[in-house]
Amino acid sequence: MNDEFSWGVATSAYQVEGAWDADGKGESIWDRFAHDGAISDTGDVACDHYHRLEEDLDLLVELGVNAYRFSIAWTRVIPDGTGADNPAGYDFYDRLVDGLLARGIEPVPTLYHWDLPQALEDRGGWESRETADAFAEYAERMASHFAGRVTRWLTLNEPWVMAFIGHLYGTFAPGKSSWDGALAASHHQLLGHGRAVRRMRGADPAARIGIALDCRQAVPASDSAVDAAAARHFDGFRNRWFFDPVFGKGYPMDMLEAYRSEGRIRPGLIHDGDLEEIAAPIDWLGLNFYTSLRIDEAHRELEYLEGDQASPPTPGHTEMGWLIDPQSFGVFLRRINDEWGPAEIVVTENGCSYGDGPDEDGRVRDDRRIAYLDAHIDALESARADGVPVTGYFVWSFLDNLEWSNGYGQRFGLVWVDHATGRRVPKDSFTWFRSRISE
Ligand code: FCB
């Protein structure tokens with residue numbers, strides 16, 4: 001194993017912490033969304049990671065990882081999103097960060113994994129420009145508080161999902177559905193990212209800052225020109241709309257024209273100077289990769305709904321209905337290097353959902369997860385061998401957790417969790433991952 005390479009696992013606050021209103025934590029949009037009954041489960045208890053911190057830290061040691069990606073719940077540290085700090089919230093993340101460092105594991109926090117303070121949502125949420133500034137202020141406070149203990153940061157997780165599943169499809173919090181709202185939410189998140197990068201550097205010049213972008217490799221469903229154009233459009237909607245501005249190329253012109261001609265963008269949304277702010281140089285790119293899609297004219301934009309409806313899963317798909325396609329993983333990694341050229345790429349999420357639970361002897365035989373991860377790590381190694389600067393890989397996820405609107409029914413963990421009791425059982429994939437990363 002290369003000493004520099006990070007092997008880790010990832011989680012996010014709402015999906016694992018529970019303790020949704022403990023010790024002064026404020027309400028987030030996911031708390032509100034779940035309590036309103038928009039999804040069948042809630043994250044009120046989740047994996048109860050908040051109360052089982054020491055046990056979970058010890059499990060990370062057993063797993064043998066050298067890095068752990070988690071997210072900070074904005075409402076735990078600044079309950080209303082702006083204004084007063086909540087010292088008890090800082091205490092929890094101090095214990096997490098210090099507990100990791102004491103065990104020789106690098107903490108890699110994400111500042112925003114979709115749990116916007118409800119107080120900010122009440123003032124317009126990501127559709128409002130003010131939220132970009134609130135985010136930058138929060139980011140600066142975190143960089144300053146953790147300076148000297150945290151080096152690598154991620155600003156946003158998957159702004160596409162927040163913008164489009166949260167504000168167009170409406171199946172994720174805050175459950176809105178309009179094109180102009182979704183495009184406003186995407187722009188203000190990117191602006192918040194750019195402003196956060198600047199302010200974090202001011203607070204801690206040693207910080208190494210990235211963003212976690214998700215992707216879907218868009219493969220035309222046939223050789224026809226129509227499907228090729230649909231795949232190009234889908235790629236613009238799903239990938240280029242985020243990668244291009246972050247890497248200083250501005251918004252893709254074909255998409256800007258399409259959105260403008262369809263009346264989907266609010267006039268005046270993009271101010272002079274915004275694109276320069278969004279392109280604030282980053283130190284590394286986080287890539288979340290799960291699957292690819294075959295795109296035809298009928299599915300230019302509605303991939304998410306389409307993917308979720310693929311039930312029951314067909315062979316070659318995971319239980320999320322997502323196609324298993326490690327080859328496209330390699331293709332996308334090479335493409336990032338060629339097209340956007342980040343100094344470093346870290347795979348900040350990769351993984352699969354399978355429901356395998358304990359057999360009678362207590363063992364969880366999740367061979368399909370092992371096969372998925374093994375094939376994807378092989379694809380990554382081959383891209384590295386070709387010179388793509390990949391410097392880390394994080395499995396999604398450490399623990400089975402709340403899979404957003406899919407609830408507890410979708411299990412991505414290397415550790416099985418009994419959601420009634422909180423009991424943890426490392427799966428076969430846990431043992432396998434430990435040995436694969438110690439090679
Ligand atoms: C990603 C999310 C993560 C998890 C996985 C399965 O889109 O970032 O929280 O839900 O998908």
Side-chain angles (χ1 to χ4, degrees), residues 8-17 28-30 33-34 39 41-43 46-47 49 68-74 108-116 154-169 171-173 186 189 193 210-217 238-239 242 285-293 303-308 310 313 317-325 329 332 346-355 366 368-369 372-373 376 393-415 417 429:
V9 284
T11 60
S12 87
Y14 186 67
Q15 293 176 279
V16 301
E17 284 180 2
S28 80
I29 55 173
W30 271 95
F33 195 62
I39 61 174
D41 291 309
T42 77
C47 304
H49 175 67
Y68 175 54
R69 176 182 174 221
F70 59 95
S71 80
I72 295 176
W74 187 343
V108 184
T110 306
L111 288 165
Y112 184 71
H113 202 123
W114 308 346
D115 46 356
L116 189 74
L154 287 161
T155 55
L156 307 175
N157 180 68
E158 302 190 353
W160 181 89
V161 171
M162 184 79 238
F164 291 98
I165 304 186
H167 295 77
L168 176 64
Y169 304 141
T171 51
F172 279 16
S186 78
Q189 283 182 90
H193 155 77
I211 182 171
L213 297 180
D214 55 319
C215 67
R216 290 288 188 266
Q217 173 70 11
R238 193 66 174 75
N239 304 319
F242 295 89
L285 172 71
L287 178 73
N288 294 356
F289 182 94
Y290 289 92
T291 186
S292 63
L293 287 154
E303 161 270 324
Y304 179 75
L305 299 178
E306 182 205 24
D308 244 20
H317 294 73
T318 69
E319 288 181 13
M320 285 293 276
W322 293 347
L323 181 72
I324 301 167
D325 184 5
F329 183 34
F332 208 89
V346 175
V347 177
T348 37
E349 287 181 27
N350 176 239
C352 52
S353 169
Y354 289 112
D366 59 336
R368 294 172 297 178
R369 174 168 294 100
Y372 177 100
L373 297 175
H376 284 77
Y393 174 89
F394 291 69
V395 175
W396 184 273
S397 180
F398 174 33
L399 306 167
D400 288 343
N401 58 48
L402 180 82
E403 182 42 41
W404 308 108
S405 53
N406 286 292
Y408 294 103
Q410 296 285 345
R411 293 178 174 271
F412 279 85
L414 297 182
V415 176
V417 176
S429 56

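For this chain, numbers begin at 1 and follow the sequence in order. All ligand and atom numbering here is 1-based and tracks the order in the structure. Keep in mind that this is a model prediction, so the values were computed, not measured.
Residues Gln189 and Tyr112 form a side-chain contact, since some pair of their non-hydrogen atoms from C-beta on lies under 4.5 Å apart. Within the 4.5 Å cutoff, the side chain of Asn350 has heavy atoms near those of the Tyr372 side chain.
For ligand 1, the polar-atom distance check against His113 finds a nitrogen or oxygen pair separated by under 3.5 Å. The N/O atoms of Ser12, backbone and side chain alike, include none that comes under 3.5 Å of an N/O atom in ligand 1. When only interatomic distances are considered, the shortest N/O to N/O separation between Glu158 and ligand 1 falls below 3.5 Å. Considering backbone and side-chain atoms together, Gln15 places an N or O closer than 3.5 Å to an N or O of ligand 1.
Atom CG in Leu154 sits 6.0 Å away from atom OG1 in Thr348 (nearest 0.5 Å).
Remark: the backbone N or O of Glu403 is not paired with any side-chain donor or acceptor of Gln410 at under 3.5 angstrom. Listed for the Arg216 side chain is no donor-acceptor partner under 3.5 Å among the backbone atoms of Tyr290.
For ligand 1, the atoms lying closer than 4.0 Å to a non-hydrogen atom of Trp114 are 2 (C), 7 (O), 8 (O). Here is the list of ligand 1 atoms found below 4.0 Å of a heavy atom in Trp396: 3 (C), 4 (C), 5 (C), 6 (C), 9 (O). Close approach of ligand 1 to Trp404 (heavy-atom distance below 4.0 Å) involves ligand atoms 3 (C), 4 (C), 9 (O), 10 (O). Of all atoms in ligand 1, numbered sequentially from 1 with element shown, those under 4.0 Å from a heavy atom of Phe412 are 6 (C).
Distances from ligand 1 to the non-hydrogen atoms of Val161 include no value under 4.0 Å.
When non-hydrogen atoms are compared, ligand 1 lies under 4.0 Å from the side chain of Asn157 (C-beta onward) but not from its backbone.
Residues Gln15 and Ser12 have side chains that bring a donor and an acceptor to within less than 3.5 angstrom of each other.
Using a cutoff of 4.0 Å between basic side-chain nitrogens and carboxylate oxygens, Asp214 and Arg238 are scored as salt-bridged.
Of the protein's heavy atoms, Glu349 OE1, 3.5 Å lies nearest to atom 3 (C) of ligand 1. Of the protein's non-hydrogen atoms, the one nearest atom 5 (C) of ligand 1 is Tyr290 OH, 3.2 Å.
Between Trp114 and the choices Trp30, Trp160, Trp404, the ring pair (Phe, Tyr, Trp, His ring centres under 6.0 Å) rule is met once, by Trp404.
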